Amino acid sequence: MNAMVEIDNLTKQYGDHLAVDHLTLGIAAGEIFSLLGANGAGKTTTINLLLNFVEPTSGAAAINGLDVVRDAKEVKRHVAYLSENVMLYGNMSARQNLDFFTHLSGREEIDEEEYDDAMRRVGLPERAFDARVKTFSKGMRQRLGIAIVILKNAPVIVMDEPMSGLDPRGAEDFTLLLRELRDEGRAIFMSTHDVFRASDISDRVGIMKEGRLVMVRTAEELEDRDLREIYLEYMRN
């Protein structure tokens, strides 16, 4: 597997608590990998380690061949991140937020039409393009966050509960969009509680429990299985 994300024995310990316990995982270009787990399982800590928001106790992680700690500044060019609660500037319009964050990511040559295309692609109504973000619902803010991710043009996309706040139509639109991004060759890593959506969208699914990756299955291996039942079985055991 040509891994864009490489995690090797990654461990994060807080006192006596192992938040992430010797995690080893690779995610390829053109693959969607979904990580399931209960609250406190270590999903968000794993993402924080990948993004160098916290440093590992031991082990290593790399994005596009770059060590996330040693090459932290360069890594930022290769990864786009969408959090559960998208941080945007409420007094700025959707277009102004796109312009600010896109330039912050290092892209310089971009025109108004590309901003509009990105907002249309994520399903924002045109009346919202120049509206202040503080008037947006959580779902609309999430859509705008996805547009920011798209415009960065990064080969790796990392998302923490990306469908939080989306209504059923929004979640379906988001599923179709993720498939398009995968088909463009992006490596997509997301944490989620949505077992049904993970089963529907993912090329591989992992289950994390108490900091350990206890299961990884491909879409083919899950074709005739009920992922919800598998998940509950691991949670019970």
Side-chain angles (χ1 to χ4, degrees), residues 1-37 40-87 100-110 145-146 148-162 178 181-182 184-192 202-216:
M1 179 176 66
N2 179 25
M4 293 292 292
V5 177
E6 300 170 277
I7 300 172
D8 182 22
N9 277 311
L10 196 63
T11 300
K12 182 61 181 180
Q13 187 158 356
Y14 296 101
D16 295 330
H17 175 59
L18 267 176
V20 176
D21 186 358
H22 296 88
L23 174 63
T24 296
L25 177 66
I27 302 165
E31 178 183 27
I32 299 172
F33 185 95
S34 293
L35 186 62
L36 297 168
K43 304 187 305 299
T44 297
T45 302
T46 298
I47 287 174
N48 288 342
L49 288 164
L50 266 183
L51 299 171
N52 196 39
F53 292 163
V54 296
E55 291 197 7
T57 303
S58 62
I63 289 176
N64 206 13
L66 299 165
D67 184 277
V68 299
V69 176
R70 187 177 61 248
D71 306 311
K73 187 174 181 181
E74 179 67 12
V75 164
K76 286 180 172 58
R77 295 179 54 246
H78 298 268
V79 60
Y81 171 55
L82 182 68
S83 66
E84 179 178 0
N85 296 300
V86 180
M87 303 303 293
F100 176 79
F101 285 107
T102 301
H103 283 91
L104 189 66
S105 75
R107 287 197 64 195
E108 297 296 337
E109 299 299 323
I110 186 165
I146 297 164
I148 292 168
V149 165
I150 290 170
L151 285 170
K152 187 170 183 180
N153 282 342
V156 175
I157 299 172
V158 176
M159 299 178 290
D160 193 4
E161 297 292 345
L178 278 192
L181 294 171
R182 176 195 60 194
E184 291 170 8
R186 318 285 183 104
I188 299 171
F189 175 52
M190 70 173 182
S191 75
T192 181
S202 308
D203 298 290
R204 286 188 300 150
V205 176
I207 295 175
M208 185 170 247
K209 182 177 181 181
E210 296 175 356
R212 292 180 295 112
L213 189 63
V214 294
M215 186 214 83
V216 176

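Only a predicted model underlies this, so the values are computations on that prediction, with no experimental measurement involved. All heavy atoms count here, side chains included; hydrogens, waters and symmetry mates do not.
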Calculate, to the nearest 0.5 Å, the distance between atoms [atom1] and [atom2] belonging to [X] and [Y] respectively.
X	Y	atom1	atom2	value
I188	M4	CD1	CE	11.5 Å
R77	N64	CZ	CG	9.5 Å
M190	S202	CE	OG	5.0 Å

How about [X] and [Y]: do any of their side-chain heavy atoms sit closer than 4.5 Å?
X	Y	result
L35	F189	yes
L82	I146	yes
V54	L49	yes
Y81	I47	yes
M159	L178	yes
F33	V216	yes
T192	L36	yes
H103	I110	yes

Give the minimum heavy-atom separation between [X] and [Y], together with the two atoms involved.
X	Y	value
G185	A29	O-CB, 3.4 Å
V149	A80	CG1-CB, 3.8 Å
G206	L213	CA-CD1, 4.1 Å
L181	R186	O-CG, 3.0 Å
H78	P155	O-CD, 3.2 Å
K76	K152	O-NZ, 2.6 Å

Side chains of S83 and D160: do they bring a donor and an acceptor to under 3.5 Å?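 The criterion, which ignores hydrogens and geometry beyond distance, is not satisfied for D160 and S83.
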
Sidechain-backbone polar pair: K12 side chain, E55 backbone, donor-acceptor under 3.5 Å: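 Yes, the answer is positive, given that a donor and an acceptor are paired below the 3.5 Å cut-off.
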
Quick one: side chains of residues 19-28, donor-acceptor pairs under 3.5 Å with protein atoms, not counting sequence neighbours, listed by atom name and distance.
unit_1: T24; atom_1: OG1; unit_2: N9; atom_2: N; d: 2.9

Pairs in or reaching into residues 45-54: which pass side-chain hydrogen bond (donor to acceptor under 3.5 Å, both in side chains), with residues at least two apart or in two chains?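 Counting only pairs at least two positions apart or across chains, no side-chain hydrogen bond (donor to acceptor under 3.5 Å, both in side chains) contact touches residues 45-54.
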
